[in-house]
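Some notes on the structure that comes next.
This is a predicted model, so every value here is computed, not measured. Throughout, residue positions are numbered sequentially from 1 according to the sequence presented.
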Amino acid sequence: MTQPTVPQNDPRAAYLAAREGIDQAIRRVLDGGWYILGTEVTAFEQEFADFIGARHGIGVANGTDALELALRGLGVGPGDGVITVSHTAVATVAAVELVGATPILVDVDDMYCLDPAGLEAALAKAPVPVKAIIPVHLYGQPADMTAIMALADARGIPVLEDCSQAHGAKLVGRTTGTFGRIAAYSLYPTKNLGALGDGGILTTDDDVLCERLRSLREYGWRERYVSDLPGMNTRLDELQAAILRAKLPLLARDNARRREIAAAYDAGVYSPKMTLPRRRFTAEHVFHQYVLETADRDGLRARLKESGIGTNIHYPMPVHLQPAYRGRVPLGPLGLKRTEAAATRVLSLPMYPQMTDTAVKRVIDAVRAAGQV
Ligand SMILES: *Cc1c(COP(=O)(O)O)cnc(C)c1O
């Protein structure tokens with residue numbers, strides 16, 4: 001008999017886990033008659049900022065817009081350089097080009113985040129003046145913010161944290177998103193905190209920057225119909241904000257469940273043939289993804305598929321090798337060896353907080369049966 005499939009991700013299960021609150025929230029908004037940038041958005045912005053430990057939240061339409069808006073708010077534009085990674089969702093790099101700036105891509109460390117040594121070398125040899133640095137807390141693992149902030153602060157360069165995979169992750173007791181000047185979060189349905197559609201948010205402690213961002217997200221208005229700044233339109237809608245308010249109280253518990261599943265995988269699939277996710281010392285990883293490395297990645301993936309286990313590859317092609325960017329985007333002087341190796345070796349196992357222990361065990365058994373252990 002074929003066993004039921006364990007999907008790699010399950011946004012519907014996330015909805016069902018909060019169904020009553022979400023259904024009530026939707027009804028409340030529909031009956032309220034106000035659908036864009038209203039009381040639900042304002043409340044969600046404050047509740048999310050409180051969760052992160054930041055002063056302000058600025059809701060936007062998606063994670064890519066959050067990054068673009070943050071860069072605009074920081075005054076980054078044509079002629080400016082922005083250092084970030086190539087081992088990330090393409091959105092991180094796309095946002096830099098959306099404001100007309102030049103992305104400079106550097107390698108990751110052995111925990112898949114911006115390598116401080118690569119950053120330092122790129123800062124020393126940048127082809128254009130560097131006006132921002134974007135570390136990505138990839139897979140839910142905080143980047144080495146202590147080293148990155150030291151390099152940035154010494155040069156007065158603002159740091160924009162891409163927290164799209166790390167809502168609530170911590171490093172040295174501090175929540176990611178509170179290290180840099182500003183942080184961007186995608187609220188795409190499969191993220192640790194996800195809407196039922198597109199959404200994004202920024203957090204910052206900077207009052208002046210916050211005011212500028214609120215204006216820039218809606219045509220640069222300060223007063224309705226009068227643009228003080230050339231802005232964009234990237235608003236979070238009331239339905240998504242209300243849904244996110246219903247889900248936010250579950251985020252800490254969901255992140256803890258992700259860590260529990262990760263610990264079970266660690267113990268269950270450990271083998272000398274594989275590299276399992278490392279945790280940064282003093283970090284609280286939130287396992288947006290559980291990513292292992294193995295030389296026969298494609299073989300393992302095919303065998304897991306036969307056993308009904310969904311997997312994914314985050315990411316199969318580094319941004320600097322993708323057709324849209326290849327040969328065109330400047331790279332850091334230390335090269336991108338780890339990035340290029342990771343693309344051929346990484347595999348993301350099923351990971352979502354509603355996964356049952358039975359499903360976790362089924363994944364472990366399937367990995368073992370695939371002959372990797
Ligand atoms: C998802 C994601 C984004 C983009 O978010 P969208 O909401 O899809 O625009 C940006 N950066 C990272 C690291 C992501 O994982």
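The pair Glu260-Arg257 counts as a salt bridge, with a side-chain nitrogen and a carboxylate oxygen less than 4.0 angstrom apart. Salt-bridge annotation for Glu238 and Arg28: absent, with no side-chain N of the basic residue lying under 4.0 Å from a carboxylate O of the acidic one. For the pair Arg279 and Glu284, the salt-bridge criterion is not met [side-chain N within less than 4.0 Å of a carboxylate O]. Salt-bridge formation is detected for the pair Glu45/Arg214: a Lys NZ or Arg NE/NH1/NH2 atom is positioned less than 4.0 Å from an Asp or Glu carboxylate oxygen. A salt bridge does not link Lys337 with Asp107: every distance from a Lys NZ or Arg NE/NH1/NH2 to an Asp or Glu carboxylate oxygen is 4.0 Å or more. Comment: Arg181 does not engage Glu161 in a salt bridge, judged by the lack of any side-chain N to carboxylate O separation of less than 4.0 angstrom.
Evaluation of the side chain to side chain donor-acceptor pair (under 3.5 Å) rule for Gln289 yields Gln8 as partners, not counting sequence neighbours. Residues forming a side chain to side chain donor-acceptor pair (under 3.5 Å) with Glu120 (at least two apart in sequence, or on another chain): none.
Remark: the Asp228 side chain and the Tyr219 side chain contain no N/O donor-acceptor pair separated by less than 3.5 Å.
Between His87 and Tyr112, the ring-plane angle classifies as tilted under the 30° and 60° cut-offs.
When Ile157, Leu213, Leu209, Val82 are each tested for a side-chain contact (heavy atoms from CB on, under 4.5 Å) with Leu74, only one passes: Leu209.
Geometric assessment of Arg258 against the ring of Tyr352 yields a negative cation-pi assignment under the 6.0 Å and 45° thresholds.
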